[in-house]
Number of protein chains: 2
Amino acid sequence: MMRAVSGHPSMQRAAPKPDDMLCFAVYAAAHAFTRAYRPLLAPHGLTYPQYLVLLLLWAEDGRTVGEIGLPLFLDSGTLTPLLRRLESAGLVRRSRDGDDERQVRIRLTADGRALRAKLKGVPDAIGRAVGLPGGELAAVTETVRRLGGTLRSKGAAEASGAPATAGRAGPRRRPRAGAPG
Amino acid sequence: MMRAVSGHPSMQRAAPKPDDMLCFAVYAAAHAFTRAYRPLLAPHGLTYPQYLVLLLLWAEDGRTVGEIGLPLFLDSGTLTPLLRRLESAGLVRRSRDGDDERQVRIRLTADGRALRAKLKGVPDAIGRAVGLPGGELAAVTETVRRLGGTLRSKGAAEASGAPATAGRAGPRRRPRAGAPG
DNA sequence: CCGGAATAGATTGCGCGCAATCTATTTCTC
DNA sequence: GAGAAATAGATTGCGCGCAATCTATTCCGG
């Protein structure tokens, strides 16, 4: 029953609450996005990651698995089954590249290309759900994109003490500032 | 900048590329966060969602499943197996509430409480990986949190013009510009 | 050429997320 | 107080994400 509160000898440093944490805000917003996409994509039998793959193929068809995974930060463990599902849905074809048999090229079918027109209203629908004016939208996008890049470049392991690589890890003014986790 | 739109008969309206989209930036940043947490949590046998649950329990022990799911936006389909894993790891106990047998209360074990001290360095490690000054950190957190709240309150279905209640596949409205998705 | 290293995907295993459904308790209404 | 409705979790099924491992092809040094 004892509720350890301030001043008590066994008092732990107050751990941040999820709601105050940037990581949780991002985590929850990501789920909220896929949930917002669901009613728009599910009627066409698509999931959000599948939609991302189609966006890439609509921009440039005939990519290899690796050329899809690189911009999406996904590996073959995720993409292989996803692409297989797109194939069995009749939206893409998968075939080994003739010049390099290691590579698998993904090509849209007619149905896959036609889906583009059917989903043309999706970005606007999401835009309305986000409800941010254009300038602010671009600013937030850039901020969050940079955040992802930072986390990807220097993982928490490296950041936890050792200077990564010629790191710009300058002097910390205060060890305890916010609640980033 | 040049805007390649309209004119050619077969020209589709340029679909946004994932890298320009807010939803993708959030999606990628969320994955980058869980990836950053992994080397900090995995040695203790924890995942990021499990860590979130423990944060809540460290702040207030003896919560019900629902009281854990509400702030995390998770339902029993996710939490029941997660909590079962925490239980079989010896970190929590699960028991039906005596006053209301429908509810299941989650209580930390001694090991579960002890883990708090072992993980006390995690927030700072993540904070270094994020590398944002305190004020900016709070601002971004608030922006992203508000974004999630907006998406949760008005899903894309309602925002797309269709009546909120009932009615599948409502009419589509006029297109607009931007790359929010 | 030949054999080892590098590369591209596929496979396996596990833990989320979440919709849909089910069961067991309350709680509400008549 | 009996039956209906509401509520809390559990269960089932599917699609990611990702680490670890495996296979097949290509590249490279000699």
Side-chain angles (χ1 to χ4, degrees), chain A residues 24 27-39 41-43 45-53 63-70 72-89 94-106 148 152 155 157, chain B residues 24 27-39 41-53 63-70 72-89 94-106 148 152 155 157 168:
Chain A
F24 176 71
Y27 163 91
H31 293 162
F33 260 121
T34 69
R35 196 184 170 88
Y37 270 100
R38 196 180 310 275
L41 299 179
L46 288 181
T47 65
Y48 174 66
Q50 289 169 10
Y51 175 68
L52 290 178
V53 169
R63 294 178 192 238
T64 66
V65 173
E67 287 166 352
I68 293 172
L70 206 60
L72 299 183
F73 308 109
L74 297 175
D75 68 357
S76 70
T78 298
L79 285 175
T80 295
L82 185 155
L83 292 169
R84 206 198 314 278
R85 279 185 285 270
L86 287 183
E87 184 176 43
S88 60
R94 304 188 307 144
S95 57
R96 292 277 168 184
D97 186 300
D99 292 346
D100 187 340
E101 288 279 344
R102 292 172 301 182
Q103 300 187 134
V104 169
R105 298 221 165 257
I106 310 299
R152 239 169 277 118
Chain B
F24 176 71
Y27 163 91
H31 293 161
F33 260 121
T34 70
R35 197 183 169 90
Y37 270 100
R38 198 181 309 276
L41 299 179
H44 303 275
L46 287 181
T47 65
Y48 175 67
Q50 289 169 9
Y51 175 67
L52 290 178
V53 168
R63 294 179 192 237
T64 66
V65 173
E67 287 166 351
I68 292 172
L70 206 60
L72 298 184
F73 309 108
L74 297 175
D75 67 358
S76 70
T78 298
L79 284 175
T80 295
L82 185 155
L83 292 167
R84 206 198 315 277
R85 280 185 284 271
L86 287 183
E87 184 176 43
S88 61
R94 304 187 307 143
S95 57
R96 293 275 167 186
D97 185 301
D99 291 347
D100 187 340
E101 288 280 344
R102 291 172 303 181
Q103 302 187 130
V104 169
R105 298 221 166 257
I106 310 299
R152 239 169 276 119
R168 43 185 69 184

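All values reported here derive from a predicted model rather than from experimental measurement. In what follows, chains carry the letters A, B, and so on, assigned in the order in which the sequence lines appear, proteins first and then strands, with residues in each chain numbered from 1.
- In the helix from C:dC1-D:dG30 to C:dC30-D:dG1, the terminal helix axes, each the rotation mapping four pairs' C1' atoms onto the next four within five end pairs, subtend 10°, rounded to 10°.
- Between atom CZ of residue A:F33 and atom CZ of residue B:R152 there is a gap of 11.5 Å, rounded to the nearest 0.5 Å.
- With sequence neighbours excluded, the residues forming a ring-ring contact (aromatic ring centres under 6.0 Å, His included) with B:Y51 are B:Y37, listed by chain and number.
- In this structure, the separation between OG on A:S76 and CG on A:L82 is 12.0 Å, given to the nearest 0.5 Å.
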- Would you check, one step at a time, whether the test side-chain contact (heavy atoms from CB on, under 4.5 Å) holds for A:I106 with A:I68? CA-CA 9 Å; A:I106 310 299; A:I68 293 172; 3.9 Å; yes
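- With sequence neighbours excluded, no residue forms a salt bridge (charged side-chain N to carboxylate O under 4.0 Å, His left out) with B:R84.
- Within the 4.0 angstrom heavy-atom criterion, no nucleotide atom of any strand lies near A:R105.
- Separation of atoms CG (B:L70) and CZ (B:R63) is listed at 10.0 Å; rounding is to 0.5 Å.
- Considering CG of A:L79 and CD of A:Q50, their distance stands at 11.0 Å, rounded to 0.5 Å.
- Using a 4.0 Å heavy-atom distance criterion, A:T64 is classed as a sugar-phosphate-only contact.
- In this structure, the side chain to side chain donor-acceptor pair (under 3.5 Å) partners of B:R105, at least two apart in sequence or on a different chain, are B:D97.
- Take B:Y27 and apply the ring-ring contact (aromatic ring centres under 6.0 Å, His included) test, not counting sequence neighbours, and it matches A:Y48, B:F24, B:H31.
- A heavy atom lying under 4.0 Å from DNA chain C marks the following residues of residues 73-82 of chain A, by number: A:S76, A:G77, A:T80.
- Of the residues near DNA chain D, B:A32 and B:G66, the one whose nearest nucleotide (by heavy atom distance) lies more toward the 5' end is B:G66.
- Partners of B:T78 according to the side chain to side chain contact (heavy atoms under 4.5 Å, CB included) rule, which considers only residues two or more places apart in sequence or in another chain, are B:L74, B:D75.
- The side chain to side chain donor-acceptor pair (under 3.5 Å) search around A:R102 returns A:D100, not counting sequence neighbours.
- When heavy atoms are screened at a 4.0 angstrom cut-off, B:R94 is found touching the sugar-phosphate backbone but no base atom.
- Listed in residue order, the members of residues 96-104 of chain A having a heavy atom less than 4.0 Å from DNA chain C are A:R96, A:R102, A:Q103, A:V104.
- Chain B approaches DNA chain C over the interval C:dG15 to C:dT26, counting the first and last nucleotide 5' to 3' with an atom under 4.0 Å from its heavy atoms.
- Residues forming a salt bridge (charged side-chain N to carboxylate O under 4.0 Å, His left out) with A:R94 (at least two apart in sequence, or on another chain): A:E87.
- Taken to the nearest 0.5 Å, the CG atom of A:L46 stands 12.5 Å off from the CZ atom of A:R38.
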